[in-house]
Amino acid sequence: MSSKVSIIVPLAGGPAQALRCFEGIAAQAEDPAHEILVVDDASVGLESLLSQLAGDVEVLRNDRRLGFAASARRGAEHARGEIVVLIRDAAVPTPGWLAPLAAALADPAVGLAASATAGTATDQSPVAAWSAAIRAADLRGAELPDLPGHLLFGALALALAQQGMRIVTAPPSSIMAPGSRTAGVRRPAGEDPELTIVIPTLDAASERVRACIAAVQATTDVAHEIVIIDNGAPPQGFAAPVNAGLRAARTPYAVVMNDDVEPLSGWWAPLRAALDAGAAVSFPLTIDGPMRFDFAAWCFAVTREAIDEFSHAPGEFFDPSLVLWYQDTDLLHRLRLAGRPPVHAEASRIRHGLSETVGSEDPELNAWIRVQVAADRERFLRKHPGVAMNGHALAG
């Protein structure tokens with residue numbers, strides 16, 4: 001099936017910014033269907049990175065530097081989508097960036113739809129955008145001089161406006177300017193982080209982890225640190241890596257997040273507000289997937305005070321005897337006994353790939369998981385003989 005959208009990324013800079021751009025694209029939802037065309041404009045130092053690209057990615061190489069406009073046109077010649085989305089200077093898309101751009105062009109009166117720049121006013125001019133969508137046929141038919149990137153969208157907008165078409169900004173579509181890292185906002189040097197995000201994983205180099213980190217960086221608007229705990233060789237379950245990550249945290253707040261979670265824009269502030277209002281633990285709403293309203297523990301926030309108060313033992317927030325499964329139900333029971341059950345912060349939104357974190361094609365690992373889940377169930381029943389087992393694994 002052909003893609004509806006072709007994302008064209010002309011590259012002339014270094015690998016670090018290009019990688020952040022690719023991570024932002026990888027964090028997009030599958031709908032709308034899209035392909036990626038990377039135009040290597042005689043860049044230096046990108047060969048290793050480009051050689052690793054796979055999937056619906058095509059790499060076109062210019063044998064000499066042609067500039068942004070010529071590279072965009074070359075990409076459009078190879079595009080199979082009805083809509084072309086151009087990214088300039090390897091800017092970094094935030095989660096949910098692509099769909100609003102494509103949706104804006106469903107209106108035949110709209111000729112060009114631009115992204116808003118994260119961290120800036122929403123009334124910015126679309127001609128100054130870092131990414132924009134245009135119909136492929138309009139881009140191929142445009143007679144444009146070889147303009148630098150910061151002038152190309154303006155020239156396209158002028159040509160389309162002369163045909164009576166509207167130029168719009170699609171505010172839900174947000175992209176970070178090149179060089180921006182934390183939700184499009186540079187943090188002051190030496191600023192103390194307020195939040196530690198602990199991400200346990202079976203494979204710290206996986207695409208799933210990279211997409212999770214890209215989403216965190218794109219949507220977290222406070223100074224934060226990320227602690228990745230790789231527990232895949234050999235597997236240590238879930239309690240041990242989470243406990244280790246929380247021991248490493250030195251911030252007032254911490255979030256435990258499965259590596260298949262995608263936080264969405266504005267996710268942190270509602271969780272923090274619930275904690276500041278007295279909750280020991282708060283958790284977001286999972287959209288586009290299964291949700292537990294008593295305690296969706298694949299992503300939850302906790303205060304430093306609550307870590308100290310509700311730890312199973314000093315330095316062990318989770319009961320380490322529950323190695324892989326039922327830590328969430330055990331914690332939920334302890335919080336309820338204290339009269340402080342987890343608080344659902346509905347305004348905080350995430351997506352979650354249920355059970356992806358323990359999914360594996362390794363038969364030995366799968367066998368270990370089955371045995372461990374059964375053992376954890378027996379330990380939980382001995383510990384809480386009268387408690388209904390309505391919980392599932394934090395690693396699920």
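To the nearest 0.5 Å, the span separating CG on L86 from CD1 on I134 amounts to 7.5 Å.
Defined by atom type and a distance below 3.5 Å, a donor-acceptor pair is present between the side-chain atoms of T196 and T251. Side-chain atoms of D259 and S206 include no donor-acceptor pair closer than 3.5 Å.
Considering every non-hydrogen atom in both P284 and S348, the closest pair reads CB-OG, 3.1 Å. Nearest heavy-atom pair, L101 versus A170, reported as atom, atom and distance to 0.1 Å: CD2-CB, 4.4 Å. Between A90 and C21, the closest heavy-atom pair is O-CB, 3.4 Å.
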Mind listing the side-chain donor-acceptor pairs of residues 25-32 below 3.5 Å, one per line with the distance, residues two or more places apart or on another chain?
unit_1: Q28; atom_1: OE1; unit_2: G96; atom_2: N; d: 3.4
unit_1: Q28; atom_1: OE1; unit_2: W97; atom_2: N; d: 2.9
unit_1: Q28; atom_1: OE1; unit_2: L98; atom_2: N; d: 3.2
unit_1: Q28; atom_1: NE2; unit_2: G24; atom_2: O; d: 2.9
unit_1: Q28; atom_1: NE2; unit_2: T94; atom_2: O; d: 2.9

Below 3.5 Å, can you tabulate the donor-acceptor pairs from side chains in residues 299-308 to any protein atom, sequence neighbours excluded?
unit_1: T303; atom_1: OG1; unit_2: A306; atom_2: N; d: 3.0
unit_1: R304; atom_1: NH2; unit_2: A249; atom_2: O; d: 2.8

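The salt bridge (Lys or Arg N to Asp or Glu O under 4.0 Å) check on D41 picks up R65, with sequence neighbours excluded. With sequence neighbours left out, the side-chain contact (heavy atoms from CB on, under 4.5 Å) criterion links R247 to N243, A244, E316. Evaluation of the ring pair (Phe, Tyr, Trp, His ring centres under 6.0 Å) rule for F22 yields no partner, not counting sequence neighbours.
Using bins of under 30°, 30° to 60° and over 60° for the plane-to-plane angle, the ring pair W298/H352 lands in the parallel bin.
With contacts defined as side-chain heavy-atom distances shorter than 4.5 Å, the pair V227/I199 does not qualify. Taking 4.5 Å as the limit, some side-chain heavy atom of I228 sits within range of a side-chain heavy atom of T201. In this structure the side chain of D330 never reaches within 4.5 angstrom of the side chain of H333, judged on heavy atoms. Side chains of I350 and M257 form no contact here, defined as non-hydrogen atoms less than 4.5 Å apart. With contacts defined as side-chain heavy-atom distances shorter than 4.5 Å, the pair T220/L195 qualifies. Residues R340 and E309 meet the side-chain proximity criterion, which asks for heavy atoms closer than 4.5 Å. Taking the side chain as every heavy atom from C-beta outward, F310 and L335 approach each other to under 4.5 Å.
Residue pairs meeting the ring pair (Phe, Tyr, Trp, His ring centres under 6.0 Å) criterion with at least one member in residues 244-286, sequence neighbours excluded: Y253-W268, F283-F295, F283-H344.
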